[in-house]
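Following: one structure in structure tokens, then a few remarks.
As the structure is a computational prediction, the values presented were derived from the model and not from experiment. Whatever order the structure lists ligands and atoms in, that order sets their numbers, starting from 1. No hydrogens, no waters, no symmetry mates; every other heavy atom, side chains included, goes into these values.
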Amino acid sequence: MINFQYLRTTSAKSAINLLLKDKNSRFIAGGTNLIDLMKRGVTAPEKLIDINHVPLKEIELVGNKIIIGALASNTAVANNEIVNAKLPLLAMALNAGASAQLRNVATVGGNMMQRTRCGYFYDIEMPCNKRQPGSGCGAVGGFNRMHAIFGTSDKCIAVHPSDMCVALVALDAVVVLANAKGERNVLFKDFHRLAGDTPQIDNNLKADEMIIRLEIPTNNMAKNSHYLKVRDRASYAFALVSVAAGMEVVDDKIINVRLAMGGVAHKPWRLTAAEDFLKGKEPSLGNFGQAAKLAMSGAKGFGENDFKLQMAPNTIIEALTIAKSKA
Ligand code: SF4
């Protein structure tokens with residue numbers, strides 16, 4: 001049991017001010033990951049700032065953007081009519097994550113901030129550069145079935161566990177962050193980081209900042225989009241590999257396409273080479289196969305996760321095929 005102070009606030013401004021007062025304080029909303037981390041001794045904040053009552057739960061269409069407040073629950077977003085009509089890929093990804101109970105309390109901002117589920121990270125007796133920089137990586141040469149095949153470093157081969165974030169990177173979302181001086185926008189693809197030499201840093205949120213909202217442009221890919229998640233059991237399991245796929249097809253030509261993968265890298269992994277290849281082409285199985293081959297450039301297995309080298313391209317082809325087949 002660790003002692004911590006519990007504070008509650010009702011505005012973003014006061015939340016940020018409280019954060020500035022103590023470096024070892026953390027925001028808490030749903031707490032579905034943070035409480036686990038605290039129970040296991042992975043993290044020990046001295047202050048928890050409860051932001052559940054900050055009014056950041058909006059989900060609305062403004063012009064050609066869907067605005068989603070950082071404290072909207074995963075369930076609220078997944079069930080929202082506008083999201084289902086305009087961005088079904090996001091609703092599908094959210095519904096593929098966690099369990100209904102967890103989605104009811106987990107927030108959009110918390111989903112983005114959740115940490116890897118690498119077993120070594122959660123076991124404080126084991127080496128882990130992410131938990132304790134310089135202690136080594138238990139997963140390299142160890143149990144790494146769930147681990148990354150893209151963008152790895154010799155310091156860390158963990159994956160980001162979110163489904164929602166895979167859809168958001170495919171949808172070209174923008175994250176709005178705020179500190180005491182104002183707001184800044186970050187492209188979703190630049191929010192999370194690769195491990196590199198600093199695996200302890202998951203993302204580019206600064207210590208004095210708070211996630212305020214997402215802004216997601218609408219597109220013409222709603223009809224032909226699909227989120228395909230391959231996992232060990234039908235629910236409440238993290239992705240072995242997942243693919244977010246969306247395309248706009250006119251006269252049997254792909255005029256716009258978005259592809260991203262989850263379960264394969266330290267951040268949601270956008271497949272730009274595959275997208276570039278598919279633009280202007282027929283949505284055929286042959287072209288999907290070529291795109292999948294391009295997407296796998298640079299992939300590397302670590303033993304137990306070598307199966308992902310085959311599973312990933314197969315999942316890309318299957319996701320594109322299902323997306324295309326939707327009437
Ligand atoms: Fe830690 Fe990353 Fe290695 Fe897992 S893969 S043990 S999180 S350093």
Are L259 and L320 packed together at the side-chain level, in the sense that at least one heavy-atom pair is separated by less than 4.5 angstrom? yes
Tell me: protein heavy atom nearest atom 4 (Fe) of ligand 1, and distance? C118 SG, 2.3 Å
Region of C137 engaging ligand 1 - heavy atom pairs below 4.0 Å: both
Please determine whether C128 has a backbone or side-chain N, O or S atom lying under 2.8 Å from atom 1 (Fe) of ligand 1. yes
For F188 and H192, I'd like to know if the aromatic rings sit close, meaning centre-to-centre distance below 6.0 Å. yes
Quick one, N204 and F191 - any side-chain contact, counting heavy atoms below 4.5 Å? no
Same apolar cluster (I L V M F W Y, side chains within < 4.5 Å links), M311/V159: no
Looking at ligand 1, does G138 have a heavy atom less than 4.0 Å from it? yes
Over 12 foreign heavy atoms within 6.0 Å of NZ, K65: no
Quickly, which of N33, N74, D163 forms a side-chain hydrogen bond (donor to acceptor under 3.5 Å, both in side chains) with N111? Name it, please. N74
Just to be sure I read this right, does ligand 1 sit under 4.0 Å from the backbone of M126, its side chain, both, or neither, counting only heavy atoms? neither
Would one find an N, O or S atom of C156, in either backbone or side chain, under 2.8 Å from atom 2 (Fe) of ligand 1? yes
Got more than 12 heavy atoms from elsewhere within 6.0 Å of NZ, K47? yes
Quick one: look up the protein heavy atom nearest atom 6 (S) of ligand 1 and list residue, atom name and how far away it is. Y120 CB, 3.3 Å
Close-contact set for ligand 1 against A139 heavy atoms, below 4.0 Å: 5 (S), 6 (S)
K155: numbered ligand 1 atoms lying under 4.0 Å from its heavy atoms: 8 (S)
